[in-house]
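Let me begin by presenting the structure, written as structure tokens, before commenting on it.
In each ligand, atom 1 is the first atom listed, and ligand 1 is the first ligand listed. For the numbers below, each heavy atom of this structure counts, side chains included, while hydrogens, waters and symmetry mates do not.
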Amino acid sequence: MNKSVGILGIGSCLPEKVLTNFDLEKMVDTNNEWILQRTGISERRILDKESPAYEVGVQAAKRAIDSAGITAEDIDLIIVSTETPDYLAPSTACIIQREIGASKAAAFDVNAACTGFVYGITVAQQFILSGMYRYVLVVGCEALSKVIDWEDRNTCVLFGDGAGAAVLGTVEAGYGILKTYISADGSLGQSVTIPGCHMTEADIEKRIHENKKVIWMDGSEVFKFAVRAAAQAVQKVLDDYGMSMDDVKLIIPHQANIRIMQGIAKKLNVSIEKIYSIIHKYGNVSSASIPLALDEIVREKKISKGDNIVVVGFGGGLTWGATLIKWNIEI
Ligand code: COA
């Protein structure tokens, strides 16, 4: 393949409001020590009740477009990954298209839960490789706070809100996305659910406030799946490309739990130093977590042109996937 697709610009945005473990102690039967030890999370960002998720998505998108050195008018397609859309219709992608003035862009949402950003960039790559589009904006835009039961300690301590975005386009051959892999197993889908237009009796029974359309999760099942699937996906993209872990500078996993990251490191036999974590300050921001981490890595100059990185996602669906990238931007 003589054409390569890579990230041309990246940006992110977080709500200002910080919710600490100590704040949560006042809301449910939990404590800072338990949350920190079991998850690695100290605090998370939360949108105000009246603020829609798309607002942070718009800011992240604008920053990514600026950093790519193009304008919104240049964008051909907007893909938003979200499992917490403000509306079922219009899609968050259409709302962001309107807000940033990307008047010639097509727009749609992708829902692959926490794997959404990996799915999004994989879809974007296909459109660019086929020659159909030149610039594709992928935004991970999430407001988990809006689908949480704040009286359920099993879930309310885990999640946060935020958005991260990337502009993808053609890059120097041999750089950018070297290999990407996405997968799903719908037969395991009931282990993490957020009801939409319909709820079954089983969904109702599982929730503390039965009729509330909030997130429910079998934490330990998802935990085991996450470690297994993430390690497999990372190994697969490396094997498929013919690269070893020694060639990789950083692994940027979906940020769900520090112990999941430790499990991935152990399974892959790599030092935890190689696994990038921002979980302590933002919690699990679903499909926004990978671009949020990537934006921080770029801003703090933790990678250079030519470094190999792997982003790896896992989550509801169940879905998982990984992308091996040779970083193509001089930082
Ligand atoms: N504060 C205090 N205690 C809590 C608690 C909280 N916030 N949440 C749960 N507990 C309690 C449980 O009630 C349980 O008590 P019991 O033993 O008396 O029944 C105990 O802590 C242990 O619960 P358990 O579920 O076994 O804990 P865990 O070590 O598996 O950690 C998760 C729970 C949710 C943190 C962990 O399973 C996880 O991170 N899973 C992955 C979830 C995820 O990120 N999914 C998103 C999709 S990617």
Could you tell me whether atom 48 (S) of ligand 1 has at least one protein heavy atom nearer than 4.0 Å?
-> yes

Taking atom OH of Tyr87 as the centre, report whether more than 12 heavy atoms of other residues, nucleotides or ligands fall under 6.0 Å from it.
-> no

Check whether any side-chain heavy atom of Lys305 sits under 4.5 Å from a side-chain heavy atom of Ile329, and report yes or no.
-> no

Between Phe127 and Tyr133, what is the ring plane arrangement, given parallel below 30°, perpendicular above 60°, and tilted in between?
-> tilted

If you scan protein heavy atoms around atom 33 (C) of ligand 1, the nearest is Trp34 CH2, 4.1 Å

Determine, counting only non-hydrogen atoms of the protein, whether one lies under 4.0 angstrom from atom 29 (O) of ligand 1.
-> yes

Atom 44 (O) of ligand 1: which protein heavy atom is closest, and how many Å away?
-> Ala256 CB, 3.2 Å

Nearest candidate to atom 45 (N) of ligand 1, where distance is taken over non-hydrogen atoms, out of Arg38, Arg259, Glu83, Met217 | Met217

Test: Arg207 and Asp149 ion pair at under 4.0 Å | no

Is ligand 1 under 4.0 Å from a heavy atom in the side chain of Val28, in the backbone, in both, or in neither?
-> neither

Identify the residue among Val285, Val56, Asp295, Val139 that makes a side chain to side chain contact (heavy atoms under 4.5 Å, CB included) with Ser12.
-> Asp295

Classify the side-chain pair His198/Asp203 by whether it contains a donor and acceptor separated by less than 3.5 Å.
-> no

Going by the 4.0 angstrom heavy-atom rule, the piece of Thr30 near ligand 1 is both

Within a distance under 4.0 Å of any heavy atom of Val222, pick out the atoms of ligand 1 and give their elements.
-> 45 (N), 47 (C)

Provide the number and element of each atom of ligand 1 under 4.0 Å from a heavy atom of His254.
-> 48 (S)

Give a yes or no answer on whether the side chain of Ser287 reaches the backbone of Ser81 with a donor-acceptor pair at less than 3.5 Å.
-> yes

Protein heavy atom at shortest distance from atom 34 (C) of ligand 1 | Leu158 CD1, 3.9 Å

Out of curiosity, is Ser220 lining ligand 1, as in a heavy atom under 4.0 Å away?
-> yes

Aromatic Trp216 / basic Lys206 pairing, under 6.0 angstrom, 45° off normal = yes

Right, does atom 16 (P) of ligand 1 have protein non-hydrogen atoms nearer than 4.0 Å?
-> no

Do you see a protein non-hydrogen atom under 4.0 Å from atom 9 (C) of ligand 1?
-> yes

Distance flag for atom 13 (O) of ligand 1, protein heavy atom under 4.0 Å | yes

Close N or O approach (Asn31, ligand 1; < 3.5 Å) = no

Classify the ring geometry between Phe225 and Trp320 as parallel (under 30°), tilted (30 to 60°) or perpendicular (over 60°).
-> perpendicular

Taking only Lys NZ, Arg NE, NH1 and NH2, and the carboxylate oxygens of Asp or Glu, determine whether Lys179 and Asp240 approach each other closer than 4.0 Å.
-> no

Short side-chain donor-acceptor distance under 3.5 Å, Asp161 and Ser145 | yes

Just distances here: any N/O of Gly219 and N/O of ligand 1 closer than 3.5 Å?
-> yes

Give the numbers and elements of all ligand 1 atoms closer than 4.0 Å to a heavy atom of Asn284.
-> 44 (O), 46 (C)

Within less than 4.0 angstrom of ligand 1, does Ile35 place any heavy atom?
-> no

Hey, are Ser289 and Gln255 close enough side-chain-wise for a donor-acceptor pair under 3.5 Å?
-> no

Lys281/Glu296 ion pair, N-O < 4.0 Å | yes

Proximity winner for atom 32 (C) of ligand 1, if only heavy atoms of Asn257, Val157, Ile41 are counted | Asn257

Check: Thr39 N/O within less than 3.5 Å of ligand 1 N/O = no

Arg153-ligand 1 polar pair, N/O distance under 3.5 Å = yes

